[in-house]
Amino acid sequence: MIPYGKQDVDQSDIHAVVSVLKSDFITQGPVVPAFERALADFCGTAHAVAVNSATSALHIACKALDVGIGDMVWTSPVTFVASANCALYCGASVDFVDIDPGTLNLSVECLTAKLELAERSGQLPKVVIPVHFAGQSCEMEAISKLARRYGFRIIEDASHAIGGRYQEGLIGNGRFSDITVFSFHPVKIITTGEGGMALTNDPALANRMQRLRSHGITRDECEMTAASDGPWYYQQIELGYNYRMTDIQAALGLSQSKRLKQFVERRNELALRYDRLLAGLPVTLQTLSSGCYSARHLYVVRLQLERIGRSRRDAFEAMRQRNIGVNLHYLPVYLQPFYSAMGFRQGYCVEAERYYAEAISLPLYPGLTEEEQDYVIENLREVLTA
Ligand SMILES: *Cc1c(COP(=O)(O)O)cnc(C)c1O
């Protein structure tokens with residue numbers, strides 16, 4: 001089976017991990033800060049906080065922005081559930097802003113309209129979480145203008161998007177947001193097995209997230225409620241978690257980060273090759289915005305079902321039968337049973353649902369060969385036009 005996504009681990013990665021295993025520290029050693037520094041420098045951000053998943057990063061990002069009971073967080077419905085769950089972890093409620101049918105990112109028009117309504121009913125969000133779908137940045141300049149106008153904070157869910165660029169800057173540089181989150185799950189652009197990172201230019205937010213990832217404990221006397229008892233002393237001053245990344249994971253991530261640019265370039269080459277070779281097939285491609293360089297985490301196509309003699313389900317299964325690991329990203333989050341039970345109904349975000357009814361993700365990862373890609377394209381052609 002050709003999978004839809006796959007990590008690229010080479011001998012240098014293995015060597016980096018083995019070195020840590022043979023060293024004095026396999027967690028809480030020097031490699032986590034080195035990995036944090038490397039990615040902060042790469043993105044041009046002041047601070048980076050490594051954690052054990054992007055889900056954890058989203059959680060502590062919400063916490064650091066004081067999201068709590070009674071607050072509202074808005075995100076895109078076309079995302080992985082973690083983009084929404086993080087608000088619920090904090091006791092806040094979640095709402096969804098429909099997508100732009102071209103870029104498949106949260107629509108700035110829908111956001112603007114929803115904010116106007118929310119202002120009138122006194123229900124403005126505290127935080128908005130734009131998700132850079134498939135690796136392409138949302139329209140962050142416009143969203144950040146709305147943030148200033150309506151007073152909300154921004155967490156970029158850039159789980160798909162490390163290595164991508166927006167307006168000449170790397171995604172994660174924090175120019176238009178408070179915090180940016182990356183994922184290092186093996187299907188993402190670079191991996192640490194499990195892992196994530198939160199980047200920010202705000203030292204107070206960085207400090208708060210560092211504390212939250214490790215039980216809410218501080219060793220900084222200035223933050224303590226009383227004088228330190230001695231060099232061994234620490235205080236827990238709030239309720240945090242054990243969300244730390246290990247040095248073993250960070251070694252893999254640091255080693256992978258050296259090939260990050262190369263991975264994203266290869267993904268872009270393969271994606272452009274898909275664009276070219278799929279021309280003429282009854283599929284609609286994701287619109288690429290000017291000023292964006294996508295990290296190309298996913299390659300999604302929308303089937304033009306009225307031109308195809310079979311259902312999406314049927315086409316999907318036919319591809320799987322041909323050993324092509326197509327996938328679907330994503331069922332609108334609010335249609336998950338857990339969210340439906342909160343009162344969300346079919347029809348809530350029309351464009352997200354229309355997209356979901358037509359979408360298929362094709363295999364895309366740096367190790368995909370052109371022969372494999374040709375096999376995918378040939379089979380898609382047969383399935384859609386036979
Ligand atoms: C993968 C993903 C996450 C969660 O990442 P983990 O590191 O697996 O916790 C969050 N948001 C989006 C958009 C993702 O794709």
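It should be emphasised that the depicted structure is a prediction, and the values quoted were computed from it without experimental measurement. Side-chain atoms are counted along with the backbone in the values below, which use heavy atoms only and exclude waters and symmetry mates. Read the numbers this way: they start at 1 and go in the same order the structure lists the ligands and their atoms.
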_Residue-ligand contact Gly196/ligand 1, heavy atom below 4.0 Å_ =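 Flag not set, Gly196 not near ligand 1.
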_ligand 1 contact by Gly195, heavy-atom criterion under 4.0 angstrom_ =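 Per 4.0 Å heavy-atom rule, Gly195 contacts ligand 1.
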*Among protein heavy atoms, which lies nearest atom 15 (O) of ligand 1, and at what distance?*
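Going by distance alone, atom 15 (O) of ligand 1 is nearest to His160 NE2, 2.8 Å.
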_Nearest non-hydrogen protein atom, atom 4 (C) of ligand 1_ =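 Of the protein heavy atoms, Thr55 OG1, 3.6 Å lies nearest.
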*Sub-3.5 Å N/O-N/O distance, Ala54 and ligand 1*: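 Among all N and O atoms of Ala54, at least one is under 3.5 Å from an N or O of ligand 1.
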*Got an N/O contact under 3.5 Å between Thr79 and ligand 1?*
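It does not: no N or O of Thr79 is found under 3.5 Å from an N or O of ligand 1.
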Atoms of ligand 1, numbered as shown, that sit under 4.0 Å from any heavy atom of [X]:
X      : answer
Val131 : 13 (C)
Ser159 : 2 (C), 3 (C), 10 (C), 11 (N), 12 (C), 13 (C), 14 (C), 15 (O)
Ser183 : 1 (C), 5 (O), 6 (P), 7 (O)

*Glu36, CD atom: more than 12 neighbouring heavy atoms under 6.0 Å*: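 Yes, because the 6.0 Å sphere around CD of Glu36 holds more than 12 heavy atoms from other groups.
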*Answer yes or no: does atom OH of Tyr233 have more than 12 heavy-atom neighbours from other residues, nucleotides or ligands under 6.0 Å?*
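Check passes, neighbour count above 12.
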*State whether Tyr356 and Arg312 meet the cation-pi test: NZ (Lys) or CZ (Arg) under 6.0 Å from the six-membered ring centroid, and within 45° of the perpendicular axis.*
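Yes, Arg312 and Tyr356 form such a contact.
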*Test the Arg165-Tyr293 pair against the cation-pi criterion, namely NZ or CZ under 6.0 angstrom from the six-membered ring centroid and within 45° of the ring axis.*
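Judged by the rule, Arg165 and Tyr293 form a cation-pi pair.
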*Assert yes or no for the condition that the ring centre distance of His59 to Tyr243 is strictly below 6.0 Å.*
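Between His59 and Tyr243, the centre distance is under 6.0 Å.
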*Is the Phe96 to Phe344 ring centre distance short of 6.0 Å?*
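For Phe96 and Phe344, the ring centres are under 6.0 Å apart.
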For ligand 1, indicate whether the residue [X] contacts it via side chain, backbone, both or neither (heavy-atom separation under 4.0 Å).
X      : answer
Asp157 : side chain
His297 : neither
Tyr330 : side chain

*Among His185, His132, Lys188, whose heavy atom sits nearest atom 1 (C) of ligand 1?*
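Shortest heavy-atom distance from atom 1 (C) of ligand 1: Lys188.
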*Is Ile26 close to Asp247 at the side-chain level, that is, under 4.5 Å between some pair of heavy atoms?*
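Heavy-atom side-chain distance check fails, nothing below 4.5 Å.
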*List the steps, then state whether salt bridge (charged side-chain N to carboxylate O under 4.0 Å, His left out) holds for Arg313 with Glu317.*
CA-CA 6 Å; Arg313 166 108 192 224; Glu317 282 174 351; 2.9 Å; yes
*State whether the side chain of Asn173 and the backbone N or O of Gly169 hold a donor-acceptor pair below 3.5 Å, judged by distance alone.*
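Not at all, since once roles are kept as given, no pair shorter than 3.5 Å links the two residues.
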